[in-house]
2 protein chains.
Amino acid sequence: MDSVEPDATIEVAPAEQDERTRGRLLRAAVGVFDRKGYAAASVREIVEMAGVTKPALYYHFGSKERLLTAVLEEAAREFARAMERGVRRPGTARERLFAICKDLHGLFQEHVPVVRVAHSVFFGPVEGAPQFDFTTFDRELERAVRQVVEDGQATGEIALSALPADVALVIMGVIGVFATRHLHNGREPLDLDTMRRVLGLVFDGAFGERRQQGEPRQ
Amino acid sequence: MDSVEPDATIEVAPAEQDERTRGRLLRAAVGVFDRKGYAAASVREIVEMAGVTKPALYYHFGSKERLLTAVLEEAAREFARAMERGVRRPGTARERLFAICKDLHGLFQEHVPVVRVAHSVFFGPVEGAPQFDFTTFDRELERAVRQVVEDGQATGEIALSALPADVALVIMGVIGVFATRHLHNGREPLDLDTMRRVLGLVFDGAFGERRQQGEPRQ
DNA sequence: GTCTATACAATGATAGAC
DNA sequence: GTCTATCATTGTATAGAC
């Protein structure tokens with residue numbers, strides 16, 4: 001360790017170096033916040049993991065709290081983009097609802113650490129954590145599902161007796177179960193086949209047609 | 001404040017005083033753990049809220065971690081009792097499943113702070129928090145729902161094409177949505193009428209009979 | 001922009017008197 | 001069993017050199 005000379009550092013342009021440090025800090029923060037929790041996470045460990053020093057963190061983010069906010073804002077942007085893609089998809093209501101669930105399932109699976117951090121902050125203590133509006137998550141998801149259900153009712157695919165808000169609740173419940181499964185270490189995640197079967201269960205309740213017992217899928 | 005004399009303290013038997021201190025500490029701990037989170041909660045504030053001093057806490061529980069464990073163990077016992085009551089209930093599968101959901105909904109609503117603490121620890125960081133087996137919660141709930149579904153299939157009330165495990169997932173999802181609603185401050189809780197409608201949606205998918213569109217309830 | 005070195009408050013836990 | 005007083009450690013954040 002002692003033999004490593006500082007001049008061995010790869011030279012980069014100042015602007016690149018800047019973005020590099022920010023990125024390293026953000027990624028390190030997600031890791032430490034996830035492992036220790038926001039409150040128990042120390043800036044010491046974060047800068048250590050990022051390979052920078054404390055003043056660098058305070059230069060770029062100002063405080064530990066605003067570092068967390070930056071992490072969450074980036075995650076929120078990505079979530080909103082995925083949500084938008086889901087609603088615009090073509091197909092039957094069934095297909096579109098399954099697509100939304102599948103997309104979110106994949107999105108969560110690919111970003112388990114940051115999702116876990118967001119989850120902890122959302123359901124976490126009111127004092128100590130920064131105020132961050134997570135309700136947009138729920139609201140956007142609910143609005144998307146309701147939109148698809150209403151479209152399905154307009155085409156006659158879904159019975160008018162089912163309240164779109166109720167269907168949205170069930171769908172959000174299913175997404176919640178699947179999401180929380182890979183949120184907690186030690187519980188094996190559920191696969192997409194299971195999701196398809198479970199959603200089929202919900203659809204055959206909310207939708208007009210119904211399979212006979214033992215009848216093959218297609 | 002200064003004029004309050006120590007001899008104004010109500011005299012109690014030693015054993016009573018003992019239980020009194022333990023109880024005060026447990027209740028204070030739930031409040032502070034809930035408001036600040038386990039990591040950010042200080043033993044100073046806990047003993048202040050309980051009206052005792054630090055050595056009293058360490059005498060009764062040994063550490064902050066074991067105090068949290070004591071809180072969770074008490075909650076786990078109550079949860080297990082409610083779960084057992086739910087499964088033993090008589091009636092149709094529909095009625096029994098609704099009863100389980102309603103009971104849990106009420107139980108969570110009555111104990112929001114401790115449920116929030118348990119939730120945070122379960123989904124919280126792996127380091128720093130004490131190891132506590134929460135998977136029994138999920139497992140007991142899943143086992144209970146599956147049992148009821150299998151009973152319903154045996155009597156012909158529920159179609160054999162529905163996998164009990166899948167139905168359990170949906171039911172757990174619904175319970176999750178309703179529970180998380182009053183877990184987070186600022187979101188209005190859902191009522192029992194909504195729960196009944198939402199479960200009806202699920203049942204009419206999993207169960208054999210199906211209402212015609214627009215047909216009245218009974 | 002990034003470093004070394006440090007200020008300063010708060011923490012969990014304990015010793016020892018009563 | 002409960003107290004007062006205190007310890008060692010760790011926390012966030014900053015001053016000032018480069």
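A, B, ... follow the sequence lines: proteins, then strands. Residue 1 opens every chain. Just so we're clear, the structure is a prediction, and the values are computed from it rather than from any experiment.
- Summarising the geometry, the separation between CG on A:L25 and C1' on C:dG1 is reported as 12 Å, rounded to the nearest angstrom.
- Between A:F123 and B:F123, the distance separating the two ring centers is not shorter than 6.0 angstrom.
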Contact pattern, 5' to 3', of nucleotides 2-12 of chain D - B, S or - by protein heavy atom under 4.0 Å: BBB-B----BB
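- Within the 4.5 Å cutoff, the side chain of B:Y38 has heavy atoms near those of the B:K64 side chain.
- Under 4.0 Å is where a charged nitrogen must lie from a carboxylate oxygen, and between B:E48 and B:R44 no such pair does.
- For the pair B:K36 NZ and C:dA10 P, the interatomic distance rounds to 11 Å; values are reported in whole Å.
- In this structure, B:I46 places its CD1 atom 11 Å from P of C:dT11, rounding to the nearest Å.
- A:R94 has a carboxylate O that lies under 4.0 Å from a charged side-chain N of A:D204, or vice versa, which qualifies the two as a salt bridge.
- Checked against ring-ring contact (aromatic ring centres under 6.0 Å, His included), B:F122 has the following partners two or more places apart in sequence or in another chain: A:H184, B:F134.
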